[in-house]
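Shown next, in C-alpha cells, is the structure this report addresses.
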Amino acid sequence: MDKDNKLELARRLVAELEADNEEMASNTLAELTASDSNPGDLFQEVGRLTRELHEAINGFVMDTAMAEMVQVDIPDATERLQYVIETTETAAHQTLTAIEGALPVSERLKSKAEHLNQQWGKFLQREMKVDDFKALSGELSEFLQNTAEDSNELHDKMNEIMMAQGFQDITGQIIKKVIKLVQDVEGRLIHLVKLAGNAHTSKNDEDIRKQKMAEEDGPVVPGVTQSQVVSGQDDVDDLLSSLGF
Amino acid sequence: MKILVVDDFSTMRRIVKNLLGDLGFKNIEEADDGNTALPKLQSGNFDFLVTDWNMPGMTGIDLLKAVRADPNLASLPVLMVTAESKREQIIEAAQAGVNGYVVKPFTAGTLEEKISKIFERVNG
C-alpha cells in the first residue's frame with residue numbers, strides 16, 4: 001500500500017469516527033493496520049511466549065526437588081516453626097515457675113536474717129536479758145538449719161532455670177533449617193522468573209519498601225529489618241520527647 | 001489500682017504481671033488481644049492498661065484508638081510494651097494518645113520508671 005492509499009484510508013477513518021459510524025471505522029482501521037504488519041507474526045510471537053512459559057512451568061513442576069519442597073518441606077517447615085513457638089513457650093513458663101518458687105524463699109531468708117541481725121546487735125550491745133538470749137539462740141540454730149535447706153531449694157530452682165534454656169539449641173537448629181529451605185525456594189523462583197523471560201518488570205523495590213514502612217514486623221532482626229527503627233529505649237524516649245512527651 | 005495486661009503471648013503476660021507484682025501492683029487481669037480486652041475495660045473499672053502492639057484479632061494500636069474514642073475510657077493511662085520499634089509506629093502511638101512506650105526486650109527498671117512517670121503526670 002502506498003502513502004496515498006494510507007492517507008486516503010486515514011481520512012476515511014477520521015470521517016467515519018466523526019460521523020459516529022463505529023462499524024465502518026473499525027473495518028477501515030482493520031484495513032489500514034492489516035496491510036503492513038502480518039498478523040501471523042503476532043500470533044507466532046504469542047505462541048512462542050506461551051510455549052516458553054508452558055515449558056518453564058512444566059520444568060518448575062516436574063522438578064522433583066521443587067515438588068518435594070512443596071509437598072513435604074514447606075508443610076514440614078510450618079510444623080517446625082510451630083514447634084519452635086511451643087518449645088520456647090514451655091521454656092519460658094518453666095523458667096517463670098522456678099522463679100515464682102524461688103522468690104518467696106529468698107524473701108523469707110532476707111526477713112529472717114534482718115530480724116536476727118537486729119537481735120544479735122542487741123546482744124552485742126549487752127542489751128539482752130538472759131531469757132531473750134536463750135530465745136535468740138534457739139532462733140539462730142533454727143535459722144542456720146533452714147538456711148541450708150532454703151539454699152538447696154534455691155539451687156534446685158536455679159538449675160531448673162538453667163535446664164529450661166536448653167530450648168535455644170533445638171529452636172536454633174530448626175530455624176536454621178527453615179532459613180535454608182526459604183533460600184532454596186527463593187533460588188528456584190528466581191530461576192522460574194528468568195525462564196519466563198523476565199518480560200514483566202516487577203514493581204519498583206523502593207515502592208514496595210515504602211508500602212511496607214508502616215506495617216508491623218515485630219522484633220528487629222539484624223540484617224533483615226530495613227526501615228528506620230529505634231535502637232533502644234533511649235531512642236524511643238528521645239523520639240517521644242521530641243514529640244512533646 | 002486495677003491493671004489490665006494485654007499480650008497474645010501468655011509468657012509475656014506472666015513476665016509483665018510478675019514485674020508489676022514486684023512493684024506492688026497485685027490486682028491484675030489479662031487479655032490476649034484487643035477484642036477480649038475492650039469489653040473487659042468497658043465493664044471493669046480499670047485504672048491502667050498495659051498492651052502489646054502486634055496481636056491477632058485487634059492490635060494494640062487499634063485498642064488504644066478504641067480506648068481514646070470511648071468517652072468512659074478516654075482518660076485511661078495506656079502503656080505500650082512492644083517489640084515494634086519503627087519510628088513511624090512510635091509516632092503513630094504518640095499521636096493516638098499513648099502515655100508511655102517501652103520496647104521489648106525491656107528491664108524491670110525501665111518498666112518501673114515509665115509507670116511511675118505516667119502516674120506522676122496523671123496525678124500531678
Side-chain angles (χ1 to χ4, degrees), chain A residues 81-82 84-107 110 157 161 164-165 167-168 171 209-222 224-245, chain B residues 7-19 21-22 32-34 52-56 58-62 77-114 117-118 120-121:
Chain A
L81 290 178
Q82 193 60 42
V84 169
I85 295 177
E86 286 163 19
T87 311
T88 50
E89 186 175 351
T90 306
H93 278 302
Q94 204 177 332
T95 306
L96 289 165
T97 303
I99 291 168
E100 284 167 5
L103 283 176
V105 178
S106 70
E107 193 58 41
K110 181 178 164 246
K157 297 287 178 205
I161 294 169
Q165 309 313 308
F167 79 89
Q168 215 286 321
T171 55
R209 201 182 64 78
K210 271 187 190 156
Q211 191 188 329
K212 288 191 139 194
M213 281 285 257
E215 286 172 18
E216 304 148 9
D217 61 0
V220 175
V221 182
V224 174
T225 308
Q226 287 180 339
S227 62
Q228 251 192 327
V229 296
V230 297
S231 66
Q233 188 63 41
D234 287 346
D235 267 9
V236 178
D237 295 347
D238 287 350
L239 181 58
L240 287 177
S241 71
S242 77
L243 293 167
F245 266 66
Chain B
D7 200 306
D8 53 332
F9 275 89
S10 59
T11 48
M12 189 44 69
R13 292 201 299 272
R14 247 180 116 171
I15 291 170
V16 172
K17 207 173 157 180
N18 272 314
L19 291 172
D22 250 6
D32 60 3
D33 83 330
D52 183 23
W53 181 310
N54 195 352
M55 296 177 286
M58 190 193 223
T59 62
I61 189 74
D62 287 341
V78 179
L79 176 67
M80 213 142 209
V81 179
T82 173
E84 303 298 330
S85 52
K86 285 191 216 160
R87 297 174 64 85
E88 293 86 355
Q89 291 177 312
I90 298 162
I91 293 166
E92 187 183 352
Q95 285 167 347
V98 81
N99 299 81
Y101 200 104
V102 173
V103 284
K104 295 176 188 169
F106 59 94
T107 64
T110 304
L111 191 70
E112 180 173 14
E113 184 200 327
K114 299 305 160 200
K117 246 189 189 163
I118 287 172
E120 263 170 40
R121 261 197 223 116

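Residue numbering restarts at 1 for every chain, and letters A, B, ... go by the order of the sequence lines.
- Chain B is approached within less than 4.5 Å, heavy atom to heavy atom, by A:Leu96, A:Thr97, A:Glu100 from residues 94-107 of chain A, ordered by number.
- When the heavy atoms of residues 233-241 of chain A are compared with those of chain B, the residues falling under 4.5 Å are A:Gln233, A:Val236, A:Asp237, A:Leu239, A:Leu240, listed by number.
- Applying the salt bridge (Lys or Arg N to Asp or Glu O under 4.0 Å) criterion to B:Lys17, with sequence neighbours excluded, gives B:Glu30.
- Looking at B:Lys117, there are no atoms closer than 4.5 Å to chain A (heavy atoms on both sides), in backbone or side chain.
- Between the OH atom of B:Tyr101 and the CG atom of A:Leu243 there is a distance of 12.0 Å, given to the nearest 0.5 Å.
- For A:Glu89, the side-chain hydrogen bond (donor to acceptor under 3.5 Å, both in side chains) test picks out B:Ser10, with sequence neighbours left out.
- Here CD1 of B:Ile91 is found 7.0 Å from OG of A:Ser242. Values are rounded to the nearest 0.5 Å.
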